[in-house]
Enquirer: 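Have a look at this one before I ask anything.
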Amino acid sequence: MKTYQLYINGQYVDPANGEWFESIDPYRGEAWAKIPRGTAADADKAVKAANEAMWNGPWTKMTASARGKAMRKLGDLVAANAERLAEIEVRDNGKLMAEMLGQLRYHPEWWWYFGGLVDKLEGGLVPIDKADTFAYTTHEPVGVVAALTAWNSPLLFVAWKCAAALAAGCAVVVKPSEFTSASTLEFAALTKEAGIPDGIFNVVTGFGPEAGSALISHPGVAKITFTGSDTTGAKVYETAAKSLKRVSLELGGKSPNIVFEDADLTAAAAGAISGVFAATGQTCIAGSRLLVQSSIKEKFVARVLELAKSAKIGDPMQADTNVGPITTPAQYKKVLDYIDIAKAEGAHCLLGGKPASGDGIKGGQFVEPTIFTDVDNTMRIAREEVFGPVLSIISFDTEEDAIRIANDTIYGLAAGIWTKDLARAIRVPKLLRAGTVWVNTYRAISYMMPFGGMKFSGVGRESGIDAVREYQETKSVWISTATDVPANPFVMR
């Protein structure tokens, strides 16, 4: 069993309290690694190292081009280590190797993209309305960033948050989920190999009330970026507000996946399955509410059911596995509780609805792909985030009905639309309150496209050029070229 260490100031170090905890393989249900139990003392050490490295170390002395070159090299190193890192993530979170390897092979794009952007983050000359004045703006790093990542895609979230932060000139302290810390600790060594100066990238592992809270409240942290539930996100926001920290929050969702009667039903059915079952439902963008036009409901549901029944449940390391285990025991219980709630509320369980069993299933944390029909949007199963392989099918009659139902939620992270009508494909996205809207596709992401939510789904954006501005302050510089002395020094010039 491997014993990991914290990564602070370019070195792997033991936690201050000398304590570790076990990381459990969700598929096998057994411990496979020991993770350092970081505390406030470790968080303080990491934040101080990050501030020293950022403000007084080589990072600020490096040219933008040199910083970008190191970031691009980091992307190369991730690409070379993608399979090894993906295997670690599967051991940690139980998600499919096919998905995690796909993420790790795509992960370098963030470092290549933002590394190429570093020396293009220009300020601007302002044609100011004051005579004898030269005025311009610059964009400067906000300060040390605490990046708190979720357990479902650990290193993808590191890329989303840290590539933009480093491009902006910041240093980061990453606090990964206590359930999935190993891959981030392994990744840390690659930052040093790439030439990222010591102290610019740090990792403090442990539990939220100990290490996480210490980072959020630390006076040396200028910005918090967090991915997780809306409940925890609200607490992060509240704590950060006490010291006026900048905050980005990528939170939960209850995303509508809308299928109109004119859609390509074969493609839409595949999109519906991928939208909620491909990641075992453990993704914030899961299309967990499938809105189907009444005129096609019967035949479309039949197609979805046929595809869902073909899912192979089992070892996430195997290429032909479609559904893996739930990552944590607490989440496993939560998913089953929601299934019971849905049945009690009167939703009809068309498929699944219970723990999975059979050949190749170990660890006791598998849930059968579950489909509910006759769901009303007022039911808890349609309003609360399940974060598991559970699909709720809701009928609608008209386009107006679909938009009303889709927007009737506290969340606003993502939405999907399936239609062959070009006018509808342009019209409906404008009316949906969601940060991302996919038309005739689902779960597509890119380092070029901003990602984030509306309403309870979060604050701020990740990826794309917009993301860098989340980690920068705009400075205005005024230079007077006047040769005369003001006639009245008590009046603003």
Enquirer: Evaluate whether atom CZ of Arg84 has more than 12 neighbouring non-hydrogen atoms of other residues, nucleotides or ligands under 6.0 angstrom away.
Expert: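 Enclosed: over 12 neighbouring heavy atoms sit under 6.0 Å from CZ of Arg84.
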Enquirer: Decide whether Glu89 and Thr180 meet the rule of one side-chain donor and one side-chain acceptor closer than 3.5 Å.
Expert: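 No - no donor-acceptor pair under 3.5 Å links their side chains.
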Enquirer: Do Lys161 and Ser248 meet the criterion of a side-chain donor-acceptor pair at a distance under 3.5 Å?
Expert: no
Enquirer: So, is the end of the Arg72 side chain (NZ or CZ) under 6.0 Å from the ring centre of Trp111 and within 45° of the ring's axis?
Expert: no
Enquirer: Are any side-chain N or O atoms of Arg289 and backbone N or O atoms of Lys254, one a donor and one an acceptor, separated by less than 3.5 Å?
Expert: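 Pair found, side chain donor or acceptor close to backbone of Lys254.
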Enquirer: When you measure from the side chain of Lys223 to the backbone of Ala165, do you find a donor-acceptor pair of N or O atoms at a distance under 3.5 Å?
Expert: no
Enquirer: Indicate the ring-plane relationship of Phe366 and Tyr27, choosing parallel, tilted or perpendicular according to the 30° and 60° boundaries.
Expert: perpendicular
Enquirer: Rounded to the nearest 0.5 Å, what separates atom OG1 in Thr436 from atom CZ in Arg443?
Expert: 13.0 Å
Enquirer: With heavy-atom distances below 4.5 Å as the criterion, would you say the side chains of Val323 and Leu96 are in contact?
Expert: no
Enquirer: Strictly by side chain to side chain donor-acceptor pair (under 3.5 Å), give each pair with a member in residues 187-201 just once, sequence neighbours left out.
Expert: Lys192-Asp198
Enquirer: State which residues pass side-chain contact (heavy atoms from CB on, under 4.5 Å) with Phe179; sequence neighbours excluded, sorted by chain then number.
Expert: Trp151, Ser177, Thr328
Enquirer: Looking at Gly116, is its backbone amide N or carbonyl O close enough to the side chain of Lys120 to form a donor-acceptor pair, meaning the two atoms are under 3.5 Å apart?
Expert: yes
Enquirer: Counting only heavy atoms not in Tyr237 (residues, nucleotides, ligands), do more than 12 fall under 6.0 Å from its OH?
Expert: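 No, not enclosed.
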Enquirer: So Ile393 and Ile371, do their side chains get closer than 4.5 Å, heavy atoms only?
Expert: yes
Enquirer: Using the rule side chain to side chain contact (heavy atoms under 4.5 Å, CB included), only one of Leu85, Asp92, Thr205, Val203 pairs with Thr184; which is it?
Expert: Val203
Enquirer: Would you find more than 12 non-hydrogen atoms of other residues, nucleotides or ligands less than 6.0 Å from Lys69 atom NZ?
Expert: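 Counting neighbours around NZ of Lys69, 12 or fewer heavy atoms of other residues, nucleotides or ligands fall under 6.0 Å, so no.
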Enquirer: Strictly by side chain to side chain donor-acceptor pair (under 3.5 Å), give each pair with a member in residues 2-16 just once, sequence neighbours left out.
Expert: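 For residues 2-16: Lys2-Glu186, Tyr4-Glu186, Gln5-Asp14.
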Enquirer: Among Lys312, Lys354, Lys309, which one satisfies salt bridge (Lys or Arg N to Asp or Glu O under 4.0 Å) with Glu368?
Expert: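 Running salt bridge (Lys or Arg N to Asp or Glu O under 4.0 Å) over Lys312, Lys354, Lys309 with Glu368 returns exactly one hit, Lys354.
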Enquirer: Would you say Glu385 and Tyr411 are linked by a side-chain donor-acceptor pair, where the criterion is simply a distance under 3.5 Å?
Expert: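 Side-chain D/A pair, Tyr411 to Glu385: absent.
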Enquirer: Do Asp119 and Ser65 have a side chain donor and acceptor closer than 3.5 Å?
Expert: yes
Enquirer: Above 12 or not: heavy atoms from other molecules or residues under 6.0 Å from NZ of Lys455?
Expert: yes
Enquirer: Kindly give the heavy-atom pair with the smallest separation between Ser457 and Gly253, and that separation in Å.
Expert: OG-CA, 4.1 Å
Enquirer: Would you check if Ile445 and Met449 make a side-chain contact, meaning some heavy-atom pair closer than 4.5 Å?
Expert: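 Heavy-atom side-chain distance check fails, nothing below 4.5 Å.
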Enquirer: Against Phe157, only a single residue in Asn152, Val174, Thr225 fulfils side chain to side chain contact (heavy atoms under 4.5 Å, CB included); can you say which?
Expert: Asn152
Enquirer: Can you see which heavy atom on Ala50 is nearest to which on Asn202, and at what distance?
Expert: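 So the two residues come closest at CB-ND2, 3.8 Å.
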Enquirer: Can you check whether Val221 reaches His218 side chain to side chain, under 4.5 Å on heavy atoms?
Expert: yes
Enquirer: Count the heavy atoms of every other residue, nucleotide or ligand shown that sit under 6.0 Å from OH of Tyr338, and state whether that count exceeds 12.
Expert: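 More than 12 heavy atoms, drawn from other residues, nucleotides or ligands, come within 6.0 Å of this atom.
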Enquirer: Test your reading of the model: is there a side-chain donor-acceptor pair from Gln331 to the backbone of Phe387, 3.5 Å cut-off?
Expert: yes
Enquirer: Looking at every non-hydrogen atom in both residues, tell me the closest pair between Leu104 and Ala86 and how far apart they are.
Expert: CG-N, 4.1 Å
Enquirer: Step by step, work out the ring-ring contact (aromatic ring centres under 6.0 Å, His included) result for Phe201 and Phe187.
Expert: CA-CA 10 Å; Phe201 185 90; Phe187 168 85; 5.4 Å; yes
Enquirer: Passes salt bridge (Lys or Arg N to Asp or Glu O under 4.0 Å), Glu250 versus Arg461? Steps please.
Expert: CA-CA 8 Å; Glu250 196 269 280; Arg461 292 295 181 267; over 6 Å; no
Enquirer: How long is the span from the CD1 atom in Ile341 to the CG atom in Leu336, to the nearest 0.5 Å?
Expert: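 Going from CD1 on Ile341 over to CG on Leu336, the span is 11.0 Å.
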Enquirer: May I ask you to decide if Asp337's main-chain N or O and Asp340's side chain share a donor-acceptor pair within less than 3.5 Å?
Expert: no
Enquirer: Return the minimal non-hydrogen interatomic distance between Ala171 and Gly199, and the atom names on each side.
Expert: CB-O, 4.0 Å
Enquirer: Please check this pair: side chain of Glu30 against backbone of Ile24, looking for a donor-acceptor N/O pair closer than 3.5 Å.
Expert: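 Checked: no pair found.
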Enquirer: Are there over 12 heavy-atom neighbours, none belonging to Glu306, within less than 6.0 Å of that residue's CD?
Expert: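 Check fails, neighbour count at 12 or below.
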Enquirer: Where is the tightest heavy-atom contact between Gly94 and Pro325, given as atom of each residue plus distance?
Expert: O-CD, 3.1 Å
Enquirer: Start with the C-alpha distance between Asp25 and Arg91, add both sets of side-chain angles, then the distance that settles salt bridge (Lys or Arg N to Asp or Glu O under 4.0 Å), and finish with yes or no.
Expert: CA-CA 5 Å; Asp25 180 333; Arg91 291 291 300 274; 3.1 Å; yes
Enquirer: First locate atom CD1 of Ile339, then atom CD1 of Ile381, and finally report the distance between them rounded to the nearest 0.5 Å.
Expert: 7.5 Å
Enquirer: Check step by step if side chain to side chain contact (heavy atoms under 4.5 Å, CB included) holds for Tyr332 and Thr327.
Expert: CA-CA 7 Å; Tyr332 172 71; Thr327 298; over 6 Å; no
Enquirer: Compare every heavy atom of Gly435 with every heavy atom of Met454, then report the nearest pair and how far apart it is.
Expert: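 Reported closest heavy-atom pair: CG-N, 4.1 Å.
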Enquirer: Distance from Leu121 atom CG to Thr138 atom OG1, nearest 0.5 Å?
Expert: 12.0 Å
Enquirer: Can you tell me how far the CD1 atom of Ile196 sits from the CH2 atom of Trp59, to the nearest 0.5 Å?
Expert: 4.5 Å
Enquirer: Take Phe226 and Thr149 through the side chain to side chain contact (heavy atoms under 4.5 Å, CB included) test and state the conclusion after the steps.
Expert: CA-CA 6 Å; Phe226 169 83; Thr149 59; over 6 Å; no
Enquirer: Mind running side chain to side chain contact (heavy atoms under 4.5 Å, CB included) on Lys175 and Ser181 for me, showing each step along the way?
Expert: CA-CA 8 Å; Lys175 194 294 187 180; Ser181 298; over 6 Å; no
Enquirer: Backbone N or O of Ser213 within a donor-acceptor pair of the Ser217 side chain at under 3.5 Å?
Expert: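 Checking the backbone N and O of Ser213 against the side chain of Ser217, a donor-acceptor pair under 3.5 Å is found.
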Enquirer: Can you tell me how far apart OG (Ser153) and CD (Gln282) are? Round to the nearest 0.5 Å.
Expert: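 Between atom OG of Ser153 and atom CD of Gln282 there are 9.5 Å.
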Enquirer: Report yes or no: does Ser274 contribute a side-chain atom to a donor-acceptor pair with the main-chain N or O of Ala270 at less than 3.5 Å?
Expert: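 Side chain of Ser274 to backbone of Ala270, a donor-acceptor pair under 3.5 Å: no, none is there.
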Enquirer: Given side chains that start at C-beta, do those of Ile273 and Val304 come closer than 4.5 Å, heavy atoms only?
Expert: yes
Enquirer: For the pair Tyr442 and Trp438, name the ring-plane relationship: parallel under 30°, tilted 30 to 60°, perpendicular over 60°.
Expert: tilted
Enquirer: Would you say Ser243 and Lys245 are linked by a side-chain donor-acceptor pair, where the criterion is simply a distance under 3.5 Å?
Expert: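 A pair is found: one side chain offers a donor N or O, the other an acceptor, under 3.5 Å apart.
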Enquirer: Answer yes or no: is there a donor N or O on one side and an acceptor on the other, between the side chain of Thr321 and the main chain of Ile313, under 3.5 Å?
Expert: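 Absent.
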Enquirer: Distance-only, no hydrogens or angles: does the Ser463 side chain make a donor-acceptor pair with backbone N or O of Phe451 under 3.5 Å?
Expert: no
